[in-house]
Number of protein chains: 2
Amino acid sequence: MTDVNAGVRIRLDLAYDGTDFAGWAVQPGLRTVQGTIEDGLSRLMRGVEPRLTVAGRTDAGVHARGQVAHVDLPMRAWEALAGRSHRDPETVMRTRLSGVLPPDIVVLGVKVAPSGFDARFSARERRYVYRVSDRPESRDPLTRRYVFWYPRSLDVTLLREASRGLTGLRDFAPFCRSRERATTIRTLVEFSWERVESGVDEGLVTATFRADAFCHSMVRSLVGAVLAVGDGRRDLAWLRTEAVATSRRSGIIVAPPHGLTLEEVAYPPDDELAERANSTRAKRTLD
Amino acid sequence: MTDVNAGVRIRLDLAYDGTDFAGWAVQPGLRTVQGTIEDGLSRLMRGVEPRLTVAGRTDAGVHARGQVAHVDLPMRAWEALAGRSHRDPETVMRTRLSGVLPPDIVVLGVKVAPSGFDARFSARERRYVYRVSDRPESRDPLTRRYVFWYPRSLDVTLLREASRGLTGLRDFAPFCRSRERATTIRTLVEFSWERVESGVDEGLVTATFRADAFCHSMVRSLVGAVLAVGDGRRDLAWLRTEAVATSRRSGIIVAPPHGLTLEEVAYPPDDELAERANSTRAKRTLD
């Protein structure tokens with residue numbers, strides 16, 4: 001850390017309410033999470049044009065409680081942050097960045113990243129939760145921004161049966177919005193449904209997803225397809241046919257974004273990061 | 001129920017996100033909960049001017065998960081609601097009222113009220129919860145509309161010590177905003193603090209209040225006063241002095257409204273209602 005011309009990579013742990021953002025990724029003229037944070041960082045560090053790399057590029061309206069991003073900064077600018085205070089740059093950046101960001105973005109943590117860390121390519125697993133209220137008495141106006149109010153009753157046993165066949169290593173093309181000519185093969189480690197009896201989601205029906213990575217709109221397409229079975233409008237045979245199609249078809253309704261929250265991104269232990277970084281650098285299609 | 005000129009009293013169970021309302025009570029030109037529901041009811045029932053009576057007149061920004069109101073309707077209009085459908089008027093009103101209300105108000109229930117029921121004067125107890133996040137890592141942008149982000153760390157043992165002396169039958173004048181020449185004597189049954197380890201409020205510090213009734217801004221003044229002790233800025237001796245003042249003084253900071261939610265209103269069993277209605281009709285100062 002003696003070369004002042006060197007860079008330093010900072011890991012940011014973030015939470016946001018996606019309701020009033022046009023998604024993560026910067027888009028000209030629109031309020032985005034990335035754009036808002038990059039603007040905030042540039043106010044903190046004059047002369048630096050910070051560019052964030054993120055673990056999960058959430059769509060418009062999708063939330064995050066455990067988003068992870070990284071930004072590369074000149075060491076000189078980073079060390080100057082603390083100024084004449086006796087605090088470390090991490091604390092100063094978290095405090096000052098929180099001060100300039102709007103209340104729908106929270107900076108949960110700021111840390112110098114371990115060697116080889118890349119918020120996107122080092123990520124081993126992403127966990128998303130989709131929240132549904134299927135009973136009028138469980139509709140809470142205070143949580144409506146992140147809970148999908150479903151107009152029909154759901155049978156959790158049916159939801160589980162429907163999702164059981166959709167996990168593992170497979171081609172998720174029928175559940176992916178084609179964005180580029182990229183692979184749609186993913187390993188879906190978990191796709192589970194629960195009618196929650198206690199805890200923070202009491203009274204709701206939730207779907208939990210864990211995978212190495214997700215293609216565009218994959219979680220919401222899977223939710224939409226399985227909900228149609230869970231309320232009785234479709235049967236399992238329909239879903240089995242849809243699931244082996246070679247591309248997305250119109251029969252699958254994509255569930256609305258506001259029920260979806262990126263809860264956690266998992267990374268390997270620090271000592272495995274550098275090795276992993278080299279081996280996965282080529283897989284540019286993962287998201 | 002054979003006299004079609006008679007009236008019928010309807011009990012409404014309600015929840016709302018108070019963020020975008022100027023409080024419960026109708027005010028000309030402002031968006032209020034009462035005004036919005038009354039407008040919705042009059043759209044359902046032509047020629048009726050519904051007037052709601054409520055258990056807790058919440059201030060601007062205060063939320064409710066268990067608010068109760070009643071409305072008196074002509075029996076003729078009530079019975080006409082179901083029309084030629086085979087559904088009961090309760091179900092029809094809940095469905096249709098939900099259809100015309102904005103998503104920040106939820107109709108949890110519609111029922112013909114038992115004899116002698118008055119949403120305001122029959123209420124035996126109101127329960128409010130005030131929610132605080134005192135740690136940066138527990139700040140969740142998705143719950144920020146109903147959680148007060150406190151800038152200092154709180155000592156729950158101190159909070160409990162401070163609130164212990166404030167319960168029971170006493171004059172809450174030092175914690176009441178004088179609105180009229182009304183009594184400020186109340187019975188505060190519960191004023192308890194908890195650092196919540198599990199459940200829907202996991203990670204938060206909460207204050208629970210139960211009383212026969214509350215004077216204006218009483219809960220938020222009590223929260224403000226006790227928080228000042230709980231973060232070390234004030235000591236118990238200060239609070240003891242404030243608590244016996246004859247009126248509100250400037251030293252007590254009223255906590256912001258968005259942390260406060262009316263969770264529940266308790267009523268006596270149906271067979272006690274008529275008797276109770278007669279005995280409490282005179283106490284017009286309760287709120």
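All values below were derived from every heavy atom in this structure, side-chain atoms included, with hydrogens, water molecules and symmetry-related copies excluded. Chain letters run A, B, ... following the sequence lines, proteins first and then strands; every chain starts at 1.
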*Asks:* Is the closest side-chain heavy-atom distance between A/Val106 and B/Trp149 below 4.5 Å?
*Replies:* yes

*Asks:* Is the CZ atom of B/Arg43 crowded by more than 12 outside heavy atoms at less than 6.0 Å?
*Replies:* no

*Asks:* Drop me the distance from B/Arg65's CZ to A/Thr143's OG1, to the nearest 0.5 angstrom.
*Replies:* 7.0 Å

*Asks:* Heavy-atom cut-off 4.5 Å, strictly under: side chain, backbone, both or neither for A/Leu142 against chain B?
*Replies:* both

*Asks:* I need the residue from A/Gly109, A/Gly203, A/Ala15 with the largest number of non-hydrogen atom pairs under 4.5 Å to chain B.
*Replies:* A/Ala15

*Asks:* For B/Arg139, which atoms come within 4.5 Å of any heavy atom of chain A: side chain, backbone, both, or neither?
*Replies:* both

*Asks:* Does A/Leu30 CG have over 12 foreign heavy atoms under 6.0 Å away?
*Replies:* yes

*Asks:* Please look at A/Arg145 and chain B and tell me whether the side chain, the backbone, both or neither of the residue comes under 4.5 angstrom of a heavy atom of that chain.
*Replies:* side chain

*Asks:* For A/Pro103 and B/Pro141, which heavy atoms make the closest approach, and how far apart are they?
*Replies:* O-CB, 4.1 Å

*Asks:* Given a strict heavy-atom distance threshold of 4.5 Å, which part of A/Thr261 is in contact with chain B: side chain, backbone, both, or neither?
*Replies:* side chain

